[in-house]
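See below for the structure under consideration.
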Amino acid sequence: MKYLASGLALVLLATPALAQSVGEKTGVNSALGVSPTTADFVKEAATSDMFEIQSSQLAQDRGNAKEKTFGATMIKDHTKTTDDLKSMVGSGEVKAELPTALDGSHQSELDKLKSLKGRDFSSRYDEDQVSGHKDAVSLFERYAKGGENPQLKDWAGKTLPMLQHHLEMAQDLAAGQTVGRD
């Protein structure tokens, strides 16, 4: 297994243009600490925002009081980061395409949430929030450290503390603790 991982890492590093995209899709870049390309970062960040907003809108209808409070914060904060990304891409400062819909895995997660109610919904929503924010923190940390677009790199670094706070809130939510802004 060790040799397989080493071999995969070498293949990914030897083919950077392909490796970034495949690496982001498979999670290999995150495991190796490799910075995503600008295109991959924008796609992943925008998709994550869409999922956070849409799943938190469901939480407004189906969640408990804590999830509704948490969800309102997610909708507000992720709408802002979406607007920031759209502005940078729309101005031409960042050369990338914004996705217009969720990718298959996020759509599948959202569809699963839509089919749940009560405790089943709460359990899945809370779990999705922890997992999604762990992924987002990793993505933003990696781009802030080694991203290729200076403006986007700076924005990732400035956005990271908010995402780290979201992760802490999500972990508290999943643990049944009170969540909210400090």
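Computed from heavy atoms alone, side chains included, the values below leave out hydrogens, waters and symmetry copies. When a residue number appears, it is its place in the shown sequence, counting from 1.
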Practice item. Apply the test side chain to side chain contact (heavy atoms under 4.5 Å, CB included) to residues Q164 and H133: give CA-CA distance (whole Å), side-chain angles for both, the deciding distance (0.1 Å), then the verdict. Key: CA-CA 8 Å; Q164 290 166 327; H133 282 96; over 6 Å; no
Practice item. For R124 and E109, run salt bridge (Lys or Arg N to Asp or Glu O under 4.0 Å): C-alpha distance rounded to whole Å, both residues' side-chain angles, the deciding distance at 0.1 Å, then the answer. Key: CA-CA 9 Å; R124 186 59 174 247; E109 287 298 315; 3.1 Å; yes
Practice item. Go through the steps for H106 and D103 under the test side chain to side chain contact (heavy atoms under 4.5 Å, CB included), then give the verdict. Key: CA-CA 6 Å; H106 283 95; D103 60 18; 2.7 Å; yes
Exercise for review: Decide side chain to side chain donor-acceptor pair (under 3.5 Å) for R142 and S138; before the verdict, give the C-alpha distance in whole Å, the side-chain angles of both, and the deciding distance to 0.1 Å.
Suggested key: CA-CA 6 Å; R142 291 181 292 116; S138 169; 3.1 Å; yes
Exercise for review: Show your working on side chain to side chain contact (heavy atoms under 4.5 Å, CB included) between L85 and V94 and close with a plain yes or no.
Suggested key: CA-CA 9 Å; L85 266 178; V94 173; 6.0 Å; no
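When all heavy atoms are compared, the tightest approach of N64 to S122 is ND2-OG, 3.9 Å.
Using a distance-only test at 3.5 Å, with no hydrogens or angles considered, a donor-acceptor pair links the side chain of T37 to the main chain of D40. In terms of modelled atom types and a separation under 3.5 Å, the side chain of D49 and the main chain of T82 share a donor-acceptor contact. Within the 3.5 Å criterion, the main-chain N or O of I75 finds a donor-acceptor partner in the side chain of T79. The main-chain N or O of A156 is never found under 3.5 Å from a side-chain atom of T159 such that the two would form a donor-acceptor pair. Q151 contributes no side-chain N or O that, together with a main-chain N or O of E93, makes up a donor-acceptor pair within less than 3.5 Å. Looking at S123, its side chain never comes within 3.5 Å of a backbone N or O of R119 through a donor-acceptor pair. Side chain of S87 to main chain of D83: no donor-acceptor pair is present (N/O by atom type, distance under 3.5 Å, no hydrogens or angles). The main-chain N or O of K68 is found under 3.5 Å from a side-chain atom of Q60 such that the two form a donor-acceptor pair. Side-chain atoms of R62 never come within 3.5 Å of backbone atoms of F121 as a donor-acceptor pair (strictly under, hydrogens ignored).
Between F70 and Y125, the ring-plane angle classifies as perpendicular under the 30° and 60° cut-offs. Using the six-membered ring where Trp is involved, H78 and H166 have ring planes that are tilted, between 30° and 60° apart.
Aromatic pair Y143/W155: centroids not less than 6.0 angstrom apart.
By the neighbour-count criterion of 12 heavy atoms within 6.0 Å, atom NZ of K158 is sparsely surrounded, having that number or fewer from other residues, nucleotides or ligands.
If you take CG on L167 and CG on L173, they are separated by 11.5 Å, rounding to the nearest 0.5 Å.
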